[in-house]
Amino acid sequence: MAGYRRMAFRRGAWLVGLTSTCVILSAGLRLHVITQAVFPVSAVVITIIPFLPVVVIGYCTRRRVASVLQAYPWRELPCQHVAQRPSLITVAFAQDFSPALRMFPFPVQLTDRENEGSGTIWFAGDPRFGGVASPVGGHHPVRVVFDAAPGEAWVGGDDGLARRAGLMGRNGKGTRT
């Protein structure tokens with residue numbers, strides 16, 4: 001859980017930092033306190049605004065990461081990064097089932113770069129709906145969801161546990177965030 005705590009702290013710090021910077025600079029412009037630097041301050045605010053929704057989504061998904069880590073144990077699985085798509089990984093759950101999972105909201109290098117993007121990762125979750133992946137050691141957890149519909153290739157699993165962990169919605173489909 002130390003990796004989760006670091007992740008939650010980082011995402012909270014990003015959210016507070018971007019929000020407070022945007023609010024302070026906007027208030028300074030509105031109150032005409034920063035009259036000499038209108039263009040640079042406006043440029044900073046315009047640069048921050050597009051990143052704010054992504055940071056908010058990252059901050060809000062930390063609870064789902066926590067519930068998945070509490071419900072499922074870590075498993076060590078072979079993994080490979082998809083070439084030219086840094087946010088995709090393929091995880092070999094079985095010999096005939098290696099789906100492409102998308103890291104959400106931020107892509108992370110989970111395996112060693114020396115092995116051309118292949119190696120082992122830790123995975124916690126349900127292979128039907130996604131879960132949480134991390135480099136071996138669990139020090140950088142990231143939410144992973146299916147890039148495309150997984151189909152019926154994997155059978156089994158506990159629907160109640162997946163629903164409690166937030167991996168499965170009420171409609172029986174996997175959550176995408």
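Smallest separation of non-hydrogen atoms from Leu77 and Val91: CD1-CG1, 3.7 Å. Here the closest non-hydrogen pair linking Pro50 and Val54 is O-CG2, 4.4 Å. In terms of heavy-atom proximity, Leu167 sits nearest to Gly131 at CD2-CA, 3.9 Å. Summarising the geometry of Val132 relative to Leu69, their closest heavy-atom pair is CG1-CD2, 4.1 Å, with the distance given to 0.1 Å. Of all the heavy atoms in Ile89 and Cys79, the pair that sits closest is CB-SG, 3.9 Å. Listed here is the closest heavy atom pair of Ile121 and Ala133: CD1-CB, 3.9 Å.
Cluster annotation: Val136 and Val68 are assigned to the same hydrophobic cluster (Ile/Leu/Val/Met/Phe/Trp/Tyr, side-chain heavy-atom contacts under 4.5 Å, transitive). Hydrophobic clustering (ILVMFWY, side-chain heavy atoms < 4.5 Å, transitive): Val23 and Leu15 are in distinct clusters.
Here Thr19 contributes atom OG1 and Trp14 contributes atom CH2; the two are 12.0 Å apart, rounded to the nearest 0.5 Å. In this structure, CZ in Arg143 is found 13.5 Å from CE in Met103, a value given to the nearest 0.5 Å. Interatomic distance, Thr120 OG1 to Gln80 CD, rounded to the nearest 0.5 Å: 12.5 Å. Separation of atoms OG1 (Thr47) and CG (Leu52) is listed at 12.5 Å; rounding is to 0.5 Å. Between Phe123 atom CZ and Glu76 atom CD the span is 14.0 Å, to the nearest 0.5 Å.
Shown here are the side chain to side chain contact (heavy atoms under 4.5 Å, CB included) partners of Val16, two or more places apart in sequence or in another chain: there are none. Remark: Leu161 pairs with Ala71, Tyr72, Asp158, Arg164 by the side chain to side chain contact (heavy atoms under 4.5 Å, CB included) rule, at least two apart or across chains.
Taking the six-membered ring where tryptophan is involved, the planes of Trp74 and Trp122 are tilted, since the angle between them lies from 30° to 60°.
The backbone N or O of Gly17 lies less than 3.5 Å from a partner atom in the side chain of Ser20, making a donor-acceptor pair.
Annotation: cation-pi pair Arg62/Tyr59 present, NZ/CZ under 6.0 Å from the ring centroid and within 45° of its normal.
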